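Remarks on the structure that follows.
Predicted, not measured: the structure shown is a model, and the values here were computed from it. Scope of the values below: all heavy atoms of this structure, side chains included, with no hydrogens, waters or symmetry mates. One-based numbering, in listed order, for ligands and for the atoms of each.
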Amino acid sequence: MSYEEKEFYQRLSEKGVSRRDFMKYCGMLTATLGLSSSFIPKVAEVFAAPKQRPPVVWLQFAECTGCSEALLRTMYPWIDELLLEIISAEYHETIMAAAGHQAEEILQSAVKKYKGKFICVVEGAIATKYNGAYGKIGGKTFLEIAKEVCPKAAAVICVGTCASYGGVQAAAPNPGGYKGVGEALGIKTVNIPGCPPNPINFVGTVVNYLLLGKLPELDELGRPLFAYGKTIHDQCPRRSHFENDEFVEEFGSEEAAQGYCLYKMGCKGPDTYNNCPIAKFNDGTSFPIEAGHPCIGCSEPDFWDKMSPFFVQSE
Ligand code: FSX
Ligand code: SF4
Ligand code: F3S
């Protein structure tokens with residue numbers, strides 16, 4: 001083990017995180033990425049001895065900050081620090097100390113210094129009607145800021161359904177003409193949708209980039225296939241209840257076993273692509289359907305319009 005790695009594990013243990021917990025997390029991340037378990041030590045190395053720390057400029061437009069909150073708080077309490085060790089966050093409004101003009105200057109200088117090299121992470125949708133007048137920061141519209149920053153990045157990663165496809169801001173009648181970043185700017189983006197998305201899918205995308213030197217393979221909606229390749233329904237534990245003879249026996253009849261499924265309560269799992277049943281939230285504790293709530297399709301484009309009313313069966 002290198003000196004750097006020893007120091008890393010020392011720092012983790014000072015935070016009360018055992019090496020075992022850390023390896024468990026790396027195992028979960030490796031499985032989420034669809035890599036074989038032989039990659040676990042390599043994934044651990046990305047955190048423990050990073051070879052490069054890509055500069056990241058993190059923009060926030062119209063959103064609820066749930067995506068940053070999800071990423072920084074609800075998983076392992078120490079993931080924020082791990083993340084900040086493998087990336088170099090040059091600008092992030094929620095966690096930076098600077099404010100006002102000072103913050104504006106930091107953004108300008110980071111974009112100039114790392115032109116073509118930084119990863120731009122975006123949370124939130126962009127207003128496009130009336131020259132973007134529905135959303136401004138520091139006197140500039142979201143649209144202006146995004147046009148200035150995003151094309152200079154090596155890659156743009158949209159975190160959350162809002163940045164990916166517009167989210168709640170784009171719900172009808174959408175007076176501000178809100179759109180996701182890719183559509184508003186006419187550029188290709190990596191989309192990690194969900195309201196909020198599972199942090200492991202963002203961390204997985206960054207680790208994939210650092211480990212394999214490239215962004216993960218995407219579907220036609222810009223979503224990494226490792227996370228969004230299957231529907232919720234395809235992976236749902238409640239589905240197994242009506243497809244498994246043992247459960248059918250336990251419930252007394254096929255109909256009773258089917259009653260355990262939330263489809264009749266409006267579950268949109270069959271139309272929603274995401275890995276919630278496998279990755280789960282809060283350190284792998286649970287996900288909406290496991291907690292008894294139908295999936296509302298929060299990671300699909302236009303879900304506020306297409307998937308609502310949430311508690312009524314799809315046609
Ligand atoms: Fe949207 Fe995220 Fe939902 Fe909120 O940044 S995906 S409203 S959880 O905060 O953008
Ligand atoms: Fe499918 Fe939803 Fe029923 Fe699960 S609860 S089996 S996702 S319809
Ligand atoms: Fe969202 Fe459905 Fe997962 S509501 S969190 S995609 S189970």
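One option in A279, C276, P277 has a heavy atom closer to atom 5 (S) of ligand 3 than any other, and that option is C276.
Looking from atom 2 (Fe) of ligand 3 to the surrounding protein, the closest heavy atom is C295 SG, 2.4 Å. At the shortest separation from atom 4 (S) of ligand 3 among protein heavy atoms lies I296 N, 3.2 Å. Summary of contacts: the protein heavy atom closest to atom 1 (Fe) of ligand 3 is C298 SG, 2.4 Å.
Using cut-offs of 30° and 60° on the angle between ring planes, the pair H293 and F311 is perpendicular. Taking the six-membered ring where tryptophan is involved, the planes of W58 and H92 are tilted, since the angle between them lies from 30° to 60°. Ring pair Y134/Y178 is perpendicular by interplanar angle, where above 60° counts as perpendicular and below 30° as parallel.
The hydrophobic clustering, which links ILVMFWY residues whose side-chain heavy atoms are closer than 4.5 Å, places L71 and L59 apart.
No hydrogens or angles considered: a donor-acceptor pair under 3.5 Å links the side chains of S2 and E5. With 3.5 Å as the limit, one finds a donor-acceptor pair spanning the side chains of E93 and Y91. Side-chain polar atoms of N208 and T205 form no donor-acceptor pair below 3.5 angstrom.
In summary, the aromatic rings of Y228 and Y273 are positioned with their centroids too far apart to meet the 6.0 Å limit. Proximity of the aromatic rings of F22 and F8 is defined here by a centroid distance below 6.0 angstrom, and this criterion is met.
For atom 4 (Fe) of ligand 2, protein N, O or S atoms closer than 2.8 Å were enumerated as C236 SG, with waters left out.
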Distances only, to 0.1 Å: what are the N or O pairs between ligand 1 and the protein that fall under 3.5 Å?
residue  : atom  : partner : partner atom : Å
ligand 1 : 5 (O) : E63     : OE1          : 2.7
ligand 1 : 5 (O) : E123    : OE1          : 2.6
ligand 1 : 9 (O) : C64     : N            : 3.4
ligand 1 : 9 (O) : T65     : N            : 3.2
ligand 1 : 9 (O) : G66     : N            : 2.8
ligand 1 : 9 (O) : C67     : N            : 3.2

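Remark: E45 engages K51 in a salt bridge, criterion side-chain N to carboxylate O under 4.0 Å. Taking 4.0 Å as the cut-off between side-chain N and carboxylate O, E148 and K140 count as a salt-bridged pair. Ion pairing between K306 and D271 fails under the 4.0 Å rule for side-chain N and carboxylate O.
Within the structure, the closest approach of G297 to ligand 3 falls below 4.0 Å when heavy atoms are considered.
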